[in-house]
Number of protein chains: 2
Amino acid sequence: MGRRATTRRIGIADVALKAGVSHATVSRVMNGNFTVDPTIAERVRAAATELNYQPNPVGRSLALGKTDTIGIVVPDLSNPTFQAILRGLSMAAAQDGYRVLIADSSEVSSEEAILAGEARRRCDGLVLCAPRMADAELEELAPSLQPMVLINRTTVDTHTPSLMVDYGQGIQELAEHLVGLGHTRLAFLAGPARSASNGLRLAGLAKFTAAHPGIELQMLDGGSTFEAGHQSVDAVLASGATGILAFNDLVAMGLLSGLHERGIRVPDDMSVTGFDDIPFARYTTPTLTTAAVPITELGQQAWHRMRDLIRQVPSDAPAGGPTVFEPKLEVRSSSGTAPATN
Amino acid sequence: MGRRATTRRIGIADVALKAGVSHATVSRVMNGNFTVDPTIAERVRAAATELNYQPNPVGRSLALGKTDTIGIVVPDLSNPTFQAILRGLSMAAAQDGYRVLIADSSEVSSEEAILAGEARRRCDGLVLCAPRMADAELEELAPSLQPMVLINRTTVDTHTPSLMVDYGQGIQELAEHLVGLGHTRLAFLAGPARSASNGLRLAGLAKFTAAHPGIELQMLDGGSTFEAGHQSVDAVLASGATGILAFNDLVAMGLLSGLHERGIRVPDDMSVTGFDDIPFARYTTPTLTTAAVPITELGQQAWHRMRDLIRQVPSDAPAGGPTVFEPKLEVRSSSGTAPATN
DNA sequence: ACGCTCCGAGAAAACGCTTTCTCACAATTC
DNA sequence: GAATTGTGAGAAAGCGTTTTCTCGGAGCGT
């Protein structure tokens, strides 16, 4: 049986009693069913407002088989990129009367599957944001998580809409941009190894080096955070490169800060680029050249795909391939002409 | 009746059938009730794993009268402060097996009450984060939202734990710091009028001016965002002040950026301070002097208060007054000795 | 005036689970 | 060996809704 006899929340039965009708009728009125006599409907409505009745969503969910809630799993809620996606998702979903339940895997890829499952069972759908798990695991998990939308990953089956960012293209454009400014010695501050988007960047850079044999490109280990960027100052300086491609804006900002402490002038002595165009990128000193990804729009789009999935009958046509977002080169003041070779 | 006959999710009945027992027994086994014969328990467990059975949380919630979920209402999810609180809350709650449902009021104070109510009904408790609504409304709403934890606001009744930051003290310390550096003309870039924390800052500054008759302090309209800070450059320059107290770190960063564009050197020509110590404050150029608020800890503490509320019987002793967090002056490079008067 | 259809509202089943109640059977006691 | 206690599992009620089913009564046609 249920819980103890606290001051019971007022329920549909109370309204029914007060209005002198059955629960069924109250339910009908609350849901705008017009087969109810206007007189009675009014009586019910009066009773409801007087008792300040609010339907219990849990009971409702059980009966309806839906929760009007979607879940999102992110690897790290402290990353502005994921925060922005979450925000876009949340705002867009709210527009349609849906709520968002969050789950942070703290970059622990082994937790993702459990978290995703738990969240999914409580919700009508799931957005999996840049999952760190292996392809095989994702593939195996996907069917049980449907309806689901992927961000920055794909599955082979076409049931799962996927939102991708063309990091490869973006990083190439950044590299080209630096080359256009006369830089011949570049360095890439790589991100987390498990990150699929890091892989895409590497692939893009491979294409780039193939197309520019004369350009030197060093690979430096980094990370995805401020601290990572800040700590890589020494490695960057040791590399001798004059054009630095940071994994993302956060890393670039950390680097900028470290360089400033060392008295290295940006962009006079060295050029630095980021990736993502987080809101802060516009306000660093100097302002950050980056590849702009429409991150909040990504979240918003994720909801729209999800909404389509939820609304139509399951037996729907596959969504086709992933939607690919092209980053847009955003030239600001952290990149400039290469210093004269000494 | 329930929903249509899709490929029904597998439920407790299926397990019961497969194991040749009643649902009751399955439920007992799943909940670790030891009054079940080990042989049968094993059989049930086998059936459950074979069918990959996972209890439906909605049914469970209805029967148990709890959802293992808490809600949080924030005024603006794009504000790093609220993001950090959300993160702290989410991580701490996850530790105890609770999930977080988010609601963003988009700074629309009239929406807060509805959002809060909706979220509360779906959850076991609610964290109201810096609500913009009027005192009277908050007071009226509070009883129906219990259990609830407030951040940056209080109610007169002591049932609602409240987490406060002593913005008044913090801003005074920042002002004193600037005075200590020789600044005699200060300006405060105010935040949103509806923000209670802005009120606290103003009160603190009132004390400050009372204690320092010789110091000039101008009040400038600002906001709470980058853009606000960036746009106030003209007003700041026009004020003639050399020490600027920004409403928060975001505003300070926007201002920093604007000043840099104008060629104003910080801190040589002008000192700028923020508030909150968001992670970015450490990596601006120059690094930002600010008053550090333990924001993620705030979220974490909010969960702990909530947990206490949820765990013990309702008839508990009042939590006492609000918990007050003292900001800590964090001197970095954006503040320096006042320029020589010309 | 009789029967037929239609309409509106109550009764009851269903959603998926937990938990009390109940009872059959085995084990203990005198 | 009969009465008694104990134990373990099924039956059923309950959580708060929605929705189908059902049925009484009003309205209509012939």
Side-chain angles (χ1 to χ4, degrees), chain A residues 1-45 47-48 51 53-68 118 120-124, chain B residues 1-45 47-48 51 53-68 118 120-124:
Chain A
M1 219 195 305
R3 55 151 195 287
R4 67 204 76 281
T6 55
T7 33
R8 232 180 25 72
R9 261 194 112 67
I10 92 122
I12 204 173
D14 305 285
V15 180
L17 193 67
K18 182 162 197 103
V21 297
S22 68
H23 351 296
T25 301
V26 175
S27 172
R28 282 190 268 260
V29 172
M30 298 305 290
N31 294 319
N33 186 324
F34 287 114
T35 71
V36 180
D37 185 294
T39 320
I40 297 188
E42 193 40 55
R43 190 144 45 95
V44 169
R45 233 167 280 128
L51 293 174
Y53 167 68
Q54 306 283 146
N56 176 330
V58 179
R60 203 152 190 282
S61 288
L62 185 58
L64 254 31
K66 65 189 201 114
T67 60
D68 290 349
E118 293 224 326
R120 175 60 186 85
R121 252 167 275 129
R122 292 192 141 70
C123 299
D124 298 346
Chain B
M1 220 195 302
R3 55 150 194 290
R4 67 201 78 281
T6 55
T7 34
R8 235 181 22 71
R9 261 193 115 65
I10 94 121
I12 203 173
D14 305 283
V15 180
L17 194 66
K18 179 158 199 106
V21 297
S22 68
H23 351 295
T25 301
V26 176
S27 172
R28 282 191 268 260
V29 173
M30 297 306 291
N31 294 320
N33 187 324
F34 288 112
T35 72
V36 180
D37 184 294
T39 320
I40 297 189
E42 194 40 55
R43 190 145 44 98
V44 169
R45 234 169 279 130
L51 292 174
Y53 167 69
Q54 306 284 147
N56 175 329
V58 179
R60 204 152 189 283
S61 289
L62 187 57
L64 254 30
K66 67 192 199 108
T67 60
D68 290 349
E118 294 224 324
R120 176 60 186 84
R121 253 167 275 129
R122 292 192 141 68
C123 300
D124 298 346

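Throughout, a chain's letter reflects where its sequence line sits, starting with A, and its residues are numbered from 1. Computation of the quantities below employed the complete heavy-atom set of this structure, encompassing side-chain atoms and omitting hydrogens, waters and symmetry-equivalent molecules.
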Task: Note, A:Ile12 side chain near A:Pro55 side chain (heavy atom, < 4.5 Å) - done: no
Open item on the list: Just verifying a value: how many Å separate B:Asp124 CG and B:Thr67 OG1, rounded to the nearest 0.5 Å?
Closed with: 3.5 Å
- [ ] Starting at OH of B:Tyr53, measure out to CZ of B:Arg45 and round the result to the nearest 0.5 Å.
- [x] 14.0 Å
- [ ] Can you see which heavy atom on B:Ala16 is nearest to which on B:Ser22, and at what distance?
- [x] CB-C, 3.7 Å
- [ ] Check whether any side-chain nitrogen or oxygen of A:Arg9 sits under 4.0 Å from OP1 or OP2 of D:dG16, and answer yes or no.
- [x] no
Open item on the list: Tell me the closest heavy-atom pair linking A:Arg9 and A:Asp14, and the distance in Å.
Closed with: O-OD2, 4.3 Å
Task: Euclidean distance, atom CZ of residue B:Arg122 to atom P of D:dT17 [Å, nearest integer] - done: 13 Å
Open item on the list: Between B:Tyr53 and C:dG16, is there a contact of a side-chain N or O with OP1 or OP2 at under 4.0 Å?
Closed with: no
TODO: State which residues pass side-chain contact (heavy atoms from CB on, under 4.5 Å) with A:Gln54; sequence neighbours excluded, sorted by chain then number.
DONE: A:Asn52, B:Arg121
Task: Gap between atoms NZ and P, on B:Lys66 and D:dG16 respectively (whole Å) - done: 16 Å
Task: Separation of atom CG in B:Leu17 from atom P in C:dG16, rounded to whole Å - done: 15 Å
Open item on the list: Angle between the end axes of the helix from C:dA1-D:dT30 to C:dC30-D:dG1, five pairs per end, to the nearest 10 degrees?
Closed with: 60°
- [ ] Take the protein atom CZ of B:Arg43 and the nucleotide atom P of D:dG8, then report the distance between them rounded to whole Å.
- [x] 15 Å
TODO: Pull out every residue in residues 32-39 of chain B that has a heavy atom closer than 4.0 Å to any atom of DNA chain C, ordered by number, or say none.
DONE: none
TODO: Specify the separation, in whole Å, of atom CZ of B:Arg60 and atom C1' of D:dG16.
DONE: 18 Å
Task: Any side-chain heavy-atom pair of B:Ile10 and B:Val15 under 4.5 Å - done: yes
Please list, one pair per line, the donor and acceptor atoms closer than 3.5 Å that link side chains of residues 58-66 of chain B to other protein atoms, with sequence neighbours excluded.
unit_1: B:Arg60; atom_1: NH2; unit_2: B:Asn31; atom_2: OD1; d: 3.2
unit_1: B:Ser61; atom_1: OG; unit_2: B:Pro57; atom_2: O; d: 2.9
unit_1: B:Ser61; atom_1: OG; unit_2: B:Lys66; atom_2: O; d: 3.1
unit_1: B:Lys66; atom_1: NZ; unit_2: B:Asp68; atom_2: OD1; d: 3.0

- [ ] Taking the side chain as every heavy atom from C-beta outward, state whether A:Val29 and A:Asn33 have any atom pair closer than 4.5 Å.
- [x] no
Task: Approximate separation, where rounding is to 0.5 Å, of B:Leu17 CG and B:His23 NE2 - done: 10.5 Å
Open item on the list: Output the rounded distance in Å from CD1 (A:Ile12) to C1' (C:dA9).
Closed with: 14 Å
Open item on the list: From CG of B:Leu62 over to P of C:dT19, roughly how many Å is that when rounded to an integer?
Closed with: 13 Å
TODO: Verify side-chain contact (heavy atoms from CB on, under 4.5 Å) between B:Thr25 and B:Arg28, making sure each step is shown before the conclusion.
DONE: CA-CA 5 Å; B:Thr25 301; B:Arg28 282 191 268 260; 3.9 Å; yes
Task: Selected nucleotide, minimal atom distance to B:Ala63 side chain, candidates D:dT19, C:dT18, D:dG16 - done: C:dT18
TODO: Check if the side chain of A:Arg28 and the base of C:dG10 share a donor-acceptor pair of N or O atoms closer than 3.5 Å.
DONE: yes
Task: Under-4.0 Å side-chain N/O to phosphate OP1/OP2 contact, B:Asn31 with C:dT18 - done: yes
- [ ] Using whole Å, report how far CE of B:Met30 lies from P of C:dC17.
- [x] 9 Å
Open item on the list: Under the rule for side chain to side chain donor-acceptor pair (under 3.5 Å), what residues qualify as partners of B:Asn56, not counting sequence neighbours?
Closed with: none
Open item on the list: Counting only heavy atoms and a strict 4.0 angstrom limit, can you tell me which residues of residues 19-26 of chain B come near DNA chain C?
Closed with: B:Ala24
